[in-house]
Amino acid sequence: MNLLIMGRPGAGKGTQAEYIKEYYKVLHISTGDMFRKAIADGTKLGLEAKSYMDKGALVPDSVTIGVVRERLSCADVKEQGFLLDGFPRTLEQAEALTEILKDNNLKLDAVLDVNVDVDVITKRMVGRRVCKECKKTYNIVFDKSIKDKCPSCGGDLYQRTDDNEETVVNRLNVYEKQTAPVLNYYAKQNILKTVNGDQSVDKVFSDIKSVLGE
Ligand code: ADP
Ligand code: ADP
Ligand code: ZN
């Protein structure tokens, strides 16, 4: 199965991706995670991406499309299937993805849209904490038991530098202008499946399973 997961920043894409990859045994490919790893590793790609990410702007299409093309051309993608998270974010990326899939003889089965209103998002973003080791995501506002260690692996939790109120506002604006039109691109292909993301994590996942067929 080959899937995309879309939604506003903070909609719960990464959280649902953890469940989807376990359940459907697909590879989770997140462009945000790839960029954050490049930054942590201090690569040239990381240096370039950081300047955009810190402002809440998109990394240029030319860079991002190259990264995704390289990853989707690996043999494990074809063998296992994938869940692409955070890409495509512009119409140009969506069109490039269509080409990349064609070149690798791959087909998209469904595009999930996790729909959450803007006012809910802002609360989620400032409380988000991420594990440095296993990359799992938590929320200190909604779960008071979360302190500074990962309950799953014991790693240190950190706050993403782009999860401050000002950058979140920019990212939401970028989403409305550049990413929302991508939903229409997939609606026209009849593969867009919208789920209500403003529900418990478990309920959102059970809705995802029902739209995908278990
Ligand atoms: P969120 O899950 O909160 O939306 P991501 O981890 O997907 O955040 O992305 C974080 C940042 O990484 C984005 O604000 C952007 O700067 C960069 N980024 C990730 N994916 C893309 C993409 N497909 N195109 C351009 N920039 C991207
Ligand atoms: P995205 O990848 O779309 O940016 P995340 O999965 O990182 O979003 O979730 C953003 C924040 O909201 C995290 O702190 C996460 O723990 C929390 N969160 C995710 N899903 C839900 C949900 N259904 N209800 C409440 N909080 C959630
Ligand atoms: Zn962890």
Side-chain angles (χ1 to χ4, degrees), residues 4-20 28-39 45-46 48-69 71 83-94 96-97 112-116 120-143 146 148-163 167-175 178-179 182 195-208:
L4 299 187
I5 188 160
M6 300 200 42
R8 292 194 170 92
K13 301 180 296 292
T15 300
Q16 295 301 323
E18 285 293 319
Y19 288 84
I20 295 169
H28 177 207
I29 301 175
S30 154
T31 44
D33 285 350
M34 287 161 90
F35 289 139
R36 279 183 290 276
K37 180 167 190 310
I39 293 171
L45 171 69
E48 180 167 18
K50 188 174 182 345
S51 59
Y52 297 97
M53 290 169 80
D54 282 346
K55 289 181 286 194
L58 294 182
V59 178
D61 283 342
S62 55
V63 175
T64 310
I65 290 167
V67 167
V68 172
R69 176 176 284 281
R71 183 64 189 94
L83 170 68
L84 199 46
D85 166 5
F87 184 97
R89 262 176 153 95
T90 63
L91 271 179
E92 190 180 336
Q93 291 181 13
L97 179 63
L112 296 165
D113 173 28
V114 181
N115 193 11
V116 178
V120 180
I121 292 285
T122 316
K123 276 187 220 130
R124 284 191 186 182
M125 303 291 266
V126 292
R128 170 157 61 186
R129 295 294 180 275
V130 184
C131 173
K132 269 194 185 127
E133 304 303 326
C134 73
K135 316 294 177 213
K136 283 208 173 79
T137 301
Y138 302 94
N139 198 294
I140 57 162
V141 177
F142 304 132
D143 186 347
I146 302 293
D148 50 3
K149 297 283 179 199
C150 172
S152 172
C153 78
D156 288 334
L157 299 182
Y158 76 103
Q159 180 170 31
R160 279 170 46 176
T161 52
D162 60 349
D163 277 350
T167 311
V168 168
V169 170
N170 285 343
R171 287 157 66 199
L172 289 169
N173 285 335
V174 164
Y175 179 88
Q178 310 206 59
T179 309
V182 176
V195 295
N196 175 11
D198 190 8
Q199 311 182 86
S200 71
V201 171
D202 290 348
K203 181 68 174 75
V204 177
F205 183 55
S206 85
D207 285 2
I208 288 176

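Atoms within a ligand are numbered from 1 in the order they appear, just like the ligands themselves.
- Taking the charged nitrogens against the carboxylate oxygens, D163 and R171 do have a contact shorter than 4.0 Å, which makes a salt bridge.
- No side-chain donor-acceptor contact under 3.5 Å links R128 to the backbone of G10.
- Checking only distances, K13 does come within under 3.5 Å of ligand 2, N or O to N or O.
- Residue contacts with ligand 2: A11 is included, with a non-hydrogen atom under 4.0 Å away.
- For D85, no nitrogen or oxygen atom sits less than 3.5 Å from a nitrogen or oxygen atom of ligand 2, counting backbone and side chain alike.
- In summary, D33 and K37 do not engage in a salt bridge, as defined by a charged side-chain N under 4.0 Å from a carboxylate O.
- Every atom of ligand 2 is numbered from 1 in the order shown, and the set under 4.0 Å from a heavy atom of V201 is 20 (N), 21 (C), 22 (C), 23 (N).
- The protein heavy atom nearest to atom 8 (O) of ligand 2 is G12 N, 3.2 Å.
- Residue S30 does not touch ligand 1, judged by heavy-atom distances below 4.0 Å.
- For ligand 2, the polar-atom distance check finds no N/O of P9 at less than 3.5 Å from any of the ligand's N/O atoms.
- For ligand 2 and Y138, the ligand atoms under 4.0 Å from any heavy atom of the residue are 13 (C), 14 (O), 16 (O).
- Looking only at side-chain heavy atoms (C-beta outward), L97 and F87 come within less than 4.5 Å of each other.
- Within ligand 1, counting atoms from 1 as listed, the ones closer than 4.0 Å to a heavy atom of F87 are 23 (N).
- At least one heavy atom of R160 sits less than 4.0 Å from an atom of ligand 1.
- Heavy-atom proximity to T15, at under 4.0 Å, picks out these atoms of ligand 2: 5 (P), 6 (O), 9 (O), 15 (C), 19 (C).
- Residue R124 does not touch ligand 1, judged by heavy-atom distances below 4.0 Å.
- Ligand 1 is approached by R128 to a heavy-atom distance shorter than 4.0 Å.
- Heavy-atom neighbours of E18 CD from other residues, nucleotides or ligands within 6.0 Å: above the threshold of 12.
- The main-chain N or O of R89 is found under 3.5 Å from a side-chain atom of Q93 such that the two form a donor-acceptor pair.
- Residue F142 places no N or O, backbone or side chain, under 3.5 Å from any N or O of ligand 2.
- By the 6.0 Å and 45° rule, K55 stacks over the aromatic ring of Y52.
- The protein atom (non-hydrogen) at minimum distance from atom 7 (O) of ligand 1 is R89 NH1, 3.1 Å.
- By the 4.0 Å heavy-atom criterion, G14 is excluded from the residues contacting ligand 1.
- Here's the thing with G127: none of its N/O atoms is less than 3.5 angstrom from an N/O atom of ligand 2.
- At a heavy-atom distance under 4.0 Å, only backbone atoms of Q199 (N, CA, C or O) approach ligand 2.
- F35 CE1, 3.8 Å is the protein heavy atom nearest to atom 27 (C) of ligand 1.
- For V204, no nitrogen or oxygen atom sits less than 3.5 Å from a nitrogen or oxygen atom of ligand 2, counting backbone and side chain alike.
- Between SG of C150 and SG of C134, the angle at the Zn ion (ligand 3) works out to 110°, rounded to 10 degrees.
- By the criterion of a heavy-atom distance under 4.0 Å, the backbone of S200, and not its side chain, is placed next to ligand 2.
- Atom 1 (P) of ligand 1 has R171 NH2, 3.6 Å as its closest protein atom, hydrogens excluded (heavy atom only).
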